[in-house]
Amino acid sequence: MGGLDWALLGCYFALLVVIGVQTSRKIKSSDDFAVAGNRIIWPVFFGSFAAAFLGGGASIGNAGATFRDGYVYMFAFSAFAVQTVLIGIFVAPRLKRYLGAHTVGDVMEHHYGRASRLVTGLLSLGLCAGILGAQALAVGTVVNATVGLPIVPSIVVGMAVVVAYSTFGGAWAVIQTDMVQFVFLGVFLPVTLLLALGDVGGPTRLVEALPEAHLSLGGTWSLAAFASLFVAFLLGEVLVPPYAQRTFSATDARAARKGFVLTGFFAAAFFFITATIGLTALVLFPGIEPDQALTTVVMKLVPAGIVGLVVAALLSVVMSTASSYLNSIAVIFVKDIYQPFVKPDLGARERLWWERALSLIVGVAATLFAISAPSIVDALLYAYAMWAPTIVIPLLAAVLFGSRSRAAALSSIGAGVVVTVLWIWLYQEQTGVDGLVVGAGANLVVFALVALFTRNRIGAGVRPAVKEA
């Protein structure tokens with residue numbers, strides 16, 4: 001990169017830190033830190049949610065996997081977009097009924113009791129830490145490929161900036177930096193694709209140069225492998241804590257609905273862009289590692305003077321997601337675990353202190369996880385296995401149908417954990433079917449059966465944790 005590129009990249013990092021420091025003055029309570037005071041209108045909700053939703057898996061991971069397997073991976077990955085639209089239409093508006101809620105644990109306790117809050121909190125922490133680790137690995141990949149630092153220092157440098165503005169400014173800073181990052185990714189990644197297509201010789205030349213399997217619906221995958229990955233992506237991030245938290249921050253149900261639906265359609269277009277960049281990398285640089293596809297195209301093809309902005313766009317994609325998960329981890333620990341089960345009389349100032357301290361501690365832990373993770377997509381799938389087979393079905397049953405069967409919720413979560421772990425250990429490698437899918441199926445069956453047999457005792461002993469509008 002040239003001097004101008006370095007200057008632009010430096011200005012980008014400085015802007016993020018300045019936003020975090022300035023926003024810290026607005027943080028007067030835990031409501032401000034956790035859900036931005038419930039004052040996010042729908043255009044801001046859409047822009048910030050889209051930036052948080054489209055992380056390292058949607059950019060570097062999608063480009064790399066498409067480089068390796070073709071468009072079949074993008075088709076499977078598009079389950080995220082489908083899920084987001086469906087959640088926006090049917091589920092997200094209903095979450096606004098839970099007045100005062102900050103976390104998924106608030107909703108789960110309202111329907112299934114205190115034990116479900118603790119279990120949800122612990123699983124939420126595991127999920128968020130895993131996804132945060134994947135984003136930290138993606139940050140390191142971008143910095144390593146563009147700046148030339150070794151991968152470990154790259155992860156440390158990139159995550160240091162994320163931790164700084166998230167710790168200072170909480171959800172307010174996360175949402176404001178997400179809006180900046182949304183503009184970067186919405187402009188500069190399509191520009192990168194146009195430059196790459198020009199270097200290949202246009203769309204027609206790209207199609208002619210690619211293996212036929214890379215352009216087909218099924219590629220070289222079996223139907224079972226495709227269906228397994230599609231379901232894993234469909235369920236893996238359903239109302240994960242940062243997305244639920246972002247929903248609680250919206251002004252009303254209409255803002256939440258619009259934000260989710262628009263993000264789903266935007267995501268589908270974004271997946272196509274990053275996947276096609278991966279295919280141009282296969283034609284132009286066939287000998288590179290798959291996870292280097294996107295960054296290689298940027299560094300080799302983007303003109304000097306613009307490359308700094310495109311690198312900032314790549315980092316913005318990843319850092320926006322990382323900051324959202326980092327903020328959620330702090331809020332989850334305090335709201336779902338520490339305050340209800342360790343120190344019920346936790347004061348407002350001490351609670352805010354804990355949320356900020358946790359942002360720093362967990363940022364360090366996620367950095368260590370990223371150093372050991374084999375790849376971005378692997379890290380994401382490990383994390384999803386803690387959520388889809390455990391919390392998704394009871395949560396949807398609660399929000400959509402008002403279920404209050406504590407026995408069904410807890411037993412189905414336990415069944416999901418056991419079946420997922422056993423399947424991954426004994427059968428996943430030989431069958432090609434992801435343990436997440438089998439575990440989610442067990443979770444659904446157990447929940448339905450236990451809810452049926454305990455229907456006359458639904459709600460016994462369950463005390464609301466939040467008020468419904």
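In summary, the aromatic rings of Phe233 and Phe230 are positioned with their centroids too far apart to meet the 6.0 Å limit.
For the pair Asn443 (side chain) and Pro389 (backbone), a donor-acceptor distance under 3.5 Å is present. The backbone N or O of Arg246 lies less than 3.5 Å from a partner atom in the side chain of Ser249, making a donor-acceptor pair. Side-chain atoms of Ser411 come within 3.5 Å of backbone atoms of Ala407 as a donor-acceptor pair (strictly under, hydrogens ignored). Of the possible polar contacts, none joining the Trp387 side chain to the Glu237 backbone as a donor-acceptor pair under 3.5 Å is found. Counting only distance, with no hydrogens or angles, the side chain of Gln430 and the backbone of Leu426 share a donor-acceptor pair below 3.5 Å.
Classification of the Tyr73-Phe77 ring pair by plane angle, with boundaries at 30° and 60°, yields parallel.
The two atoms that bring Lys335 and Arg117 nearest to each other are O-NH1, 3.1 Å, heavy atoms only. Taking all atoms of both residues into account, the shortest heavy-atom contact from Val298 to Thr192 is CG2-CG2, 4.0 Å. Residues Gly278 and Ala293 approach most closely at CA-CB, 4.3 Å, considering heavy atoms. When all heavy atoms of Ala92 and Thr247 are compared, the closest pair comes out as O-CG2, 3.5 Å. Across all non-hydrogen atoms, the minimal contact from Leu235 to Ala440 is CD1-CB, 3.8 Å. Contact detail for Leu239 and Ile87: the closest heavy-atom pair is CD2-CG2, 3.9 Å.
With rounding to the nearest 0.5 Å, the separation of CE in Met386 from SG in Cys128 is 10.0 Å. Distance check, rounded to the nearest 0.5 Å: CD1 of Ile424 to CG of Leu436 gives 7.5 Å. Of the inter-residue distances, the one linking His111 atom NE2 with Ser116 atom OG reads 10.0 Å to the nearest 0.5 angstrom. A distance of 12.0 Å separates OG in Ser59 from CD1 in Ile273, rounded to the nearest 0.5 Å. With rounding to the nearest 0.5 Å, the separation of OG1 in Thr390 from CG in Leu123 is 4.5 Å. Taking CZ from Arg254 and NZ from Lys96, the interatomic distance works out to 14.0 Å, rounded to the nearest 0.5 Å.
With contacts defined as side-chain heavy-atom distances shorter than 4.5 Å, the pair Gln428/Val433 does not qualify. At least one side-chain heavy atom of Leu395 sits under 4.5 Å from a side-chain heavy atom of Val104. Residues Asp106 and Tyr98 fail the side-chain proximity criterion, which asks for heavy atoms closer than 4.5 Å. Residues Ser124 and Thr103 have side chains not in contact (no heavy-atom distance under 4.5 Å, counting atoms from C-beta outward). Within the 4.5 Å cutoff, the side chain of Tyr112 has no heavy atoms near those of the Leu410 side chain. You'll find the side chain of Gln245 stays beyond 4.5 Å of the side chain of His102, heavy atoms only. For the pair Val85/Phe260, no side-chain contact is recorded, criterion being any heavy-atom separation below 4.5 Å from C-beta on. A 4.5 Å side-chain heavy-atom check between Lys258 and Phe46 finds every atom pair outside the cut-off.
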Which donor-acceptor pairs under 3.5 Å do the side chains of residues 206-220 make with protein atoms, sequence neighbours left out?
from, atom 1, to, atom 2, distance (Å)
His214, NE2, Phe67, O, 3.2
His214, NE2, Arg68, O, 3.4
Ser216, OG, Ala213, O, 3.0
Ser216, OG, Gly219, N, 2.9

Assess the residue pair Leu127 and Val240 against the criterion (side-chain contact (heavy atoms from CB on, under 4.5 Å)); give the C-alpha distance rounded to whole Å, side-chain angles, the decisive distance to 0.1 Å, and a yes or no.
CA-CA 8 Å; Leu127 168 81; Val240 290; 3.4 Å; yes

For side-chain contact (heavy atoms from CB on, under 4.5 Å), just list the numbers for Leu396 and Phe401, CA-CA rounded to whole Å, side-chain angles, deciding distance to a tenth of an Å, and then say yes or no.
CA-CA 8 Å; Leu396 292 179; Phe401 307 111; over 6 Å; no

Apply side-chain contact (heavy atoms from CB on, under 4.5 Å) to residues Leu444 and Ser412 and explain how you reach the verdict.
CA-CA 7 Å; Leu444 174 61; Ser412 66; over 6 Å; no

Residues Val238, Ile391; criterion side-chain contact (heavy atoms from CB on, under 4.5 Å); working and verdict
CA-CA 9 Å; Val238 171; Ile391 302 300; over 6 Å; no

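Identified under the side-chain hydrogen bond (donor to acceptor under 3.5 Å, both in side chains) test for residues 193-207, with sequence neighbours left out: none. Sorted by first and then second residue, the side-chain hydrogen bond (donor to acceptor under 3.5 Å, both in side chains) pairs with a member in residues 269-282 read Asn62-Thr274, Tyr71-Thr276; sequence neighbours excluded.
Just one residue in the list Leu284, Asp291, Ile288, Leu301 forms a side chain to side chain contact (heavy atoms under 4.5 Å, CB included) with Thr296, and that residue is Ile288.
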